[in-house]
Amino acid sequence: MNLQRMPLVLIPIPPDFINSLRSARRVAVLTGAGVSAESGVPTFREAQTGLWAQFEPTDLATPQAFERDPQTVWEWYAWRRELVARAEPNPGHLALAALETSLNRRGAHFTLITQNVDGLHQRAGSQNVVELHGNLSQTKCSREDRVVESWPPTRRVPPPCPHCGALLRPDVVWFGEALPREALAAAERAANESDIFISVGTSGVVEPAASLPFAALEHGAIVVEINPEATPLTPLAAHVLTGPSGAVLPDLVKAVWPEG
Ligand code: APR
């Protein structure tokens with residue numbers, strides 16, 4: 001789906017959603033790869049363009065793949081790191097940072113839970129970001145599981161850990177691996193305590209992140225979805241804003257706080 005050629009369609013924002021956001025005390029947002037699509041960062045499951053349409057996840061994003069062929073895995077993540085480094089936050093990222101600022105200024109609590117490892121939310125100015133799947137710009141020791149900031153120049157790929165000599169690896173969560181405990185606990189708390197939960201640009205098929213909107217629903221939150229496509233959450237969401245987040249989110253912030 002080529003979003004660049006899509007005519008700019010202003011998505012009507014439901015008035016009761018606008019009012020509930022204005023009076024909200026605790027807002028949580030969950031984002032997925034779709035929020036970075038308009039920055040030129042491929043999503044995972046988009047047919048043809050998605051990473052998993054081009055590459056086999058079991059060859060690149062599992063501990064077994066790294067065991068089998070660490071060089072290929074390291075180089076693939078280096079390629080993604082370069083791709084993300086060339087990308088810029090888009091109006092969707094910027095609108096989420098503005099939403100946080102506006103809510104905080106009115107004494108409300110805001111949490112941005114992301115499955116993305118691209119760091120574009122932080123580059124857009126978002127503060128309270130919970131990274132569920134790690135961050136591409138970080139590297140860790142595959143044995144000691146601790147972040148390694150720097151290592152001496154070497155021809156070895158991946159480079160060895162300067163502390164213990166084991167291989168270094170990207171600090172991201174691979175299939176079959178547990179999520180960082182603190183991040184998951186913070187995300188579950190934010191979902192359970194939210195009065196509004198907004199799910200943006202995620203297909204909602206990867207657990208445990210996919211369960212967060214349903215937990216928020218069970219705890220009585222108003223759950224909203226922003227996605228050009230339907231997902232398992234769509235039938236249960238109180239409001240569904242069908243469109244690209246780079247267009248919908250700025251419209252939403254403008255509609256809620258026209259005066260900024
Ligand atoms: N705006 C909003 N949503 C969009 C846009 C856009 N411009 N473009 C695509 N989308 C939607 C798609 O319709 C789809 O529902 O974004 C979603 C992307 O889904 P996935 O590619 O499955 O990405 P995500 O949900 O983030 O994947 C979850 O799976 O592969 C693992 O660890 C990886 O964090 C990732 C996790």
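What you see is a predicted model; the values in this text were computed from it and never measured. Both ligands and their constituent atoms are indexed starting at 1 by order of listing.
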Any side-chain heavy atom of [X] sitting closer than 4.5 Å to one from [Y]?
| X | Y | value |
| --- | --- | --- |
| Q71 | D69 | yes |
| V117 | E131 | no |
| F197 | I113 | yes |
| S126 | H93 | no |

Whether Y77 and W174 hold their rings parallel, tilted or perpendicular, with breakpoints at 30° and 60°: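 Rings of Y77 and W174: tilted, as their planes differ by 30° to 60°.
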
For [X], take its heavy atoms, then give the atoms of ligand 1 lying under 4.0 Å from any of them.
| X | result |
| --- | --- |
| E229 | 13 (O) |
| S245 | 1 (N), 2 (C), 6 (C) |
| E38 | 1 (N), 6 (C), 7 (N) |
| P244 | 1 (N), 6 (C), 7 (N) |
| G32 | 26 (O) |
| F175 | 30 (O), 31 (C) |
| T43 | 21 (O) |

Under 3.5 Å: N/O of [X] near N/O of ligand 1:
| X | value |
| --- | --- |
| F44 | yes |
| S203 | yes |
| G201 | yes |

side-chain hydrogen bond (donor to acceptor under 3.5 Å, both in side chains) evaluation trace for E38 with N90: CA-CA 6 Å; E38 293 154 88; N90 66 58; 5.1 Å; no

Between [X] (side chain) and [Y] (backbone), is there a donor-acceptor pair under 3.5 Å?
| X | Y | answer |
| --- | --- | --- |
| T234 | T231 | yes |
| S39 | E88 | yes |
| N116 | G32 | yes |
| S142 | L167 | yes |

Could you tell me whether [X] approaches ligand 1 through its side chain, its backbone, both or neither, with non-hydrogen atoms closer than 4.0 Å?
| X | answer |
| --- | --- |
| T202 | both |
| A37 | side chain |
| Q115 | both |

4.0 Å heavy-atom contact, N227 with ligand 1: yes

P228 near ligand 1 by a heavy-atom separation under 4.0 Å: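 Contact check P228 vs ligand 1: positive.
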
